[in-house]
Protein chains: 2
Amino acid sequence: MEQVTLKSIASELGISITTASKALKNYPDVSPKTRKAVIDLARKLNYIPNSFAVNLRTKESKVIGLIIPEIVHYFFSNVVNAIIEYAEKKGYLIITLQSNESDKLEEKQIELLLNKRVDGILISLSNNRKDLSPIHKIVESGTPLVLFDKISKLINCSKVIINDRDAAYAATEHLINTGCKDIAHFRGPLNPQNSIDRFLGYKKALEDSKLHFDKSLVYTCEKVSFEEGYNFAKELHQSNKKVDAIFAITDLVAIGAITYFNEANVKIPEDISIIGFSNWFMASVISPSLSSVDQPGYEMGKKAIKLLLKEIKAIKKGKKIKHKTIVLPTNVIKRSSTRD
Amino acid sequence: MEQVTLKSIASELGISITTASKALKNYPDVSPKTRKAVIDLARKLNYIPNSFAVNLRTKESKVIGLIIPEIVHYFFSNVVNAIIEYAEKKGYLIITLQSNESDKLEEKQIELLLNKRVDGILISLSNNRKDLSPIHKIVESGTPLVLFDKISKLINCSKVIINDRDAAYAATEHLINTGCKDIAHFRGPLNPQNSIDRFLGYKKALEDSKLHFDKSLVYTCEKVSFEEGYNFAKELHQSNKKVDAIFAITDLVAIGAITYFNEANVKIPEDISIIGFSNWFMASVISPSLSSVDQPGYEMGKKAIKLLLKEIKAIKKGKKIKHKTIVLPTNVIKRSSTRD
DNA sequence: ATTTATACCGAAATCGTTTTCGGTAAAATC
DNA sequence: GATTTTACCGAAAACGATTTCGGTATAAAT
């Protein structure tokens with residue numbers, strides 16, 4: 001399998017490597033005749049420029065690194081989808097890595113991407129990240145970086161996020177506006193900022209409406225799973241606590257709850273209203289269909305890669321870059337699991 | 001941002017580039033003293049070997065290309081998950097691309113990966129692929145290739161698949177064994193081999209059990225969506241056709257049907273049995289829980305990347321490679337949507 | 001006829017690493 | 001003391017493309 005190079009083309013045509021290169025790259029100082037000859041031969045031999053050599057020379061790889069906690073997640077697979085798609089259109093390829101919520105793994109992966117000399121890096125931070133020095137290292141290396149969804153404000157780079165607090169506030173407000181007074185919250189783990197922010201939004205909405213915040217109505221889903229939603233719904237129901245609504249950290253948790261209430265013949269939303277978070281496609285599909293807050297994964301991915309490519313371009317041109325933080329709007333999607 | 005190179009290390013230490021390189025790569029002909037000096041300085045300056053130069057020299061990129069129809073799919077995101085994970089352990093990175101079921105796009109992406117000079121390629125073919133020449137091109141280029149799930153037998157390379165026909169046969173057989181006699185099939189589109197094979201398995205199972213195959217009981221889901229499952233269930237129900245079971249091409253379609261029957265107060269599995277395909281995690285979660293055939297995405301991804309890396313290794317050592325086709329076993333997972 | 005402009009072409013340096021192949025000094029052997 | 005071995009080191013040639021800078025013809029201008 002003999003490799004076709006500029007050298008082989010040049011020697012076949014009896015010209016120099018320089019001229020061959022210039023012919024293919026539309027330099028003006030090559031005659032139409034030789035240009036045609038080179039192009040024709042290149043096509044005939046199926047010449048493919050050696051990207052390793054090009055990379056070395058141009059010092060860019062046209063590859064972007066992407067680290068997310070887990071790809072097997074509707075939200076993240078949508079993000080990845082958008083990123084891959086947009087990047088490809090702009091001539092960039094994406095190397096994807098998953099941290100599995102392990103900060104140690106995340107650090108290794110950052111190292112890997114830096115070693116690969118990718119042109120830029122996109123990260124959604126793992127929940128357990130405390131030490132920010134590996135992230136700072138990226139910035140120091142001069143590699144453009146954009147953080148999204150799960151970010152840290154302490155890093156000096158561009159970011160794309162939603163306002164979890166406001167979104168949770170809106171969800172809770174929707175429950176309040178539709179007449180609910182005793183609202184439970186199935187929250188996420190205690191550490192992640194997302195989970196904290198949503199809890200805070202929930203609490204703030206209660207307070208702003210002069211509703212009593214009852215700590216015993218807050219259940220913590222460690223794994224944010226269907227089962228937890230199901231079991232906490234059962235627990236809540238059998239406890240005979242006075243509750244007329246649930247705000248769940250995630251649609252999956254909410255659907256767990258719905259499943260229990262359906263089985264227990266508790267009417268939704270007459271007896272209890274339920275609202276989820278993320279607007280997973282299953283939300284519109286189960287019955288009753290689930291009200292939710294949309295978390296625009298595709299949009300987020302697209303905005304993040306767009307921002308990153310812009311910074312890469314700017315740096316290449318030696319321009320100064322101003323880091324931006326884009327906050328994507330979220331909307332409460334009203335369906336049948338909450339009242340009118 | 002001055003780049004740290006072997007050259008800068010060497011000149012700082014007053015030694016040659018060669019020796020610096022050898023010190024870092026554990027060559028025996030460098031004294032412990034200079035080795036230590038080089039290693040220490042390299043660490044101090046945070047030296048990162050220029051991967052572009054290494055690639056050029058070693059002619060390998062340690063990158064694998066992966067093309068799938070869509071990443072936003074539980075099955076495929078599981079495949080990707082496994083591939084990324086295993087590859088990383090073995091020192092390889094994954095560039096992921098999605099064809100969106102477009103053969104034109106798929107061809108461009110193959111071109112992209114070939115131009116990038118990835119060390120190997122993994123593909124799950126798009127449904128519309130007729131012309132196999134772009135795939136042959138990969139083989140001709142000498143790039144190791146492994147096809148999985150949606151493959152073509154006409155390509156001379158290794159493959160990882162399930163036997164859709166047998167799996168569908170087993171699903172239908174399960175319905176028959178549990179007393180069903182009039183079994184409908186919500187099939188997929190007419191083109192894709194997967195869809196055809198599952199239909200054939202269904203038909204064969206009926207014939208082998210001397211059950212009548214009724215063409216009017218076969219519904220074609222063009223988009224393989226929840227809505228189609230729901231609507232065909234409705235259509236079937238209102239048609240008053242005699243039917244006591246449905247085999248759906250996919251769990252999503254099956255869940256659509258279940259949702260309709262739940263609403264219509266048709267008892268599952270007493271009045272009608274339903275079995276899906278893929279063993280999506282939602283199958284165990286809805287009520288009644290859905291019987292299904294597991295389609296081991298994670299296993300498939302792992303086997304595929306393993307096979308590919310093995311071939312890459314073999315080629316590097318100049319060994320001959322024998323292409324393998326791995327057929328992964330599938331199992332009928334019995335849950336509450338079918339009878340005992 | 002001489003100068004100037006134009007149109008093409010190519011030598012060579014460069015990117016940073018890897019690896020082969022000699023070379024020199026010191027130590028070991030006879 | 002002469003020879004061989006051992007232990008280190010480095011020059012230089014790759015890998016393949018890009019780009020600068022200078023060159024030589026030929027055509028145009030004076």
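Any value given below was found using the heavy atoms of this structure, including those in side chains, with hydrogens, waters and symmetry copies removed. Letters A, B, ... mirror the listed sequences (proteins, then strands); counts begin at 1. What you see is a predicted model; the values in this text were computed from it and never measured.
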Heavy atoms from C-beta onward define the side chain here; which of [options] lies closest to that of [X]?
X	options	answer
B:K22	C:dT19, D:dC21, D:dA17	C:dT19
A:R57	D:dT20, C:dT14, C:dT17	C:dT14
A:D29	D:dC15, C:dC8, C:dT20	C:dC8
B:T34	C:dG16, D:dT18, D:dC9	D:dC9

**Message:** Need to verify one output field. Residue with the more 5' nearest nucleotide on DNA chain D, B:G14 or A:L56?
**Reply:** B:G14
**Request:** Could you say whether B:K59 or B:I15 is positioned toward the 5' end of DNA chain D, judged by the nucleotide with the nearest heavy atom to each?
**Result:** B:I15
Hey, does [X] reach any base, or is it just sugar-phosphate, or nothing, if we go heavy atoms under 4.0 Å?
X	result
A:T5	sugar-phosphate
A:N50	sugar-phosphate
A:S21	base

N or O in side chain of [X] less than 4.0 angstrom from [N] OP1/OP2:
X	N	value
A:T18	C:dA11	no
A:T19	C:dG10	yes
A:K25	D:dT18	yes
B:Y27	C:dT20	no
A:T58	D:dT18	no

For the pair [X] (side chain) and [Y] (backbone), establish whether a donor and an acceptor sit closer than 3.5 Å, ignoring hydrogens and angles.
X	Y	result
B:R35	B:Y27	yes
A:S77	A:H73	yes
A:N128	A:E101	yes
B:S51	A:K116	yes

**CD1 on B:I95 to CG on A:L93, rounded to 0.5 Å** = 4.0 Å
In this structure, how many angstroms lie between the [atom2] atom of [N] and the [atom1] atom of [X], rounded?
X	N	atom1	atom2	result
B:R35	D:dC8	CZ	C1'	11 Å
A:K33	D:dT26	NZ	P	13 Å
B:I17	D:dA13	CD1	P	14 Å
B:I48	C:dC15	CD1	C1'	17 Å
A:R117	C:dT17	CZ	C1'	11 Å
A:E60	C:dC15	CD	P	17 Å
A:F52	D:dC15	CZ	P	15 Å

**Asked** Do the side chain of A:S16 and the base of C:dA11 come within less than 3.5 angstrom through a donor-acceptor pair of N or O atoms?
**Response** no
**Closest approach of A:R117 to B:F52 (non-hydrogen atoms, all atoms of both residues)** = O-CZ, 3.6 Å
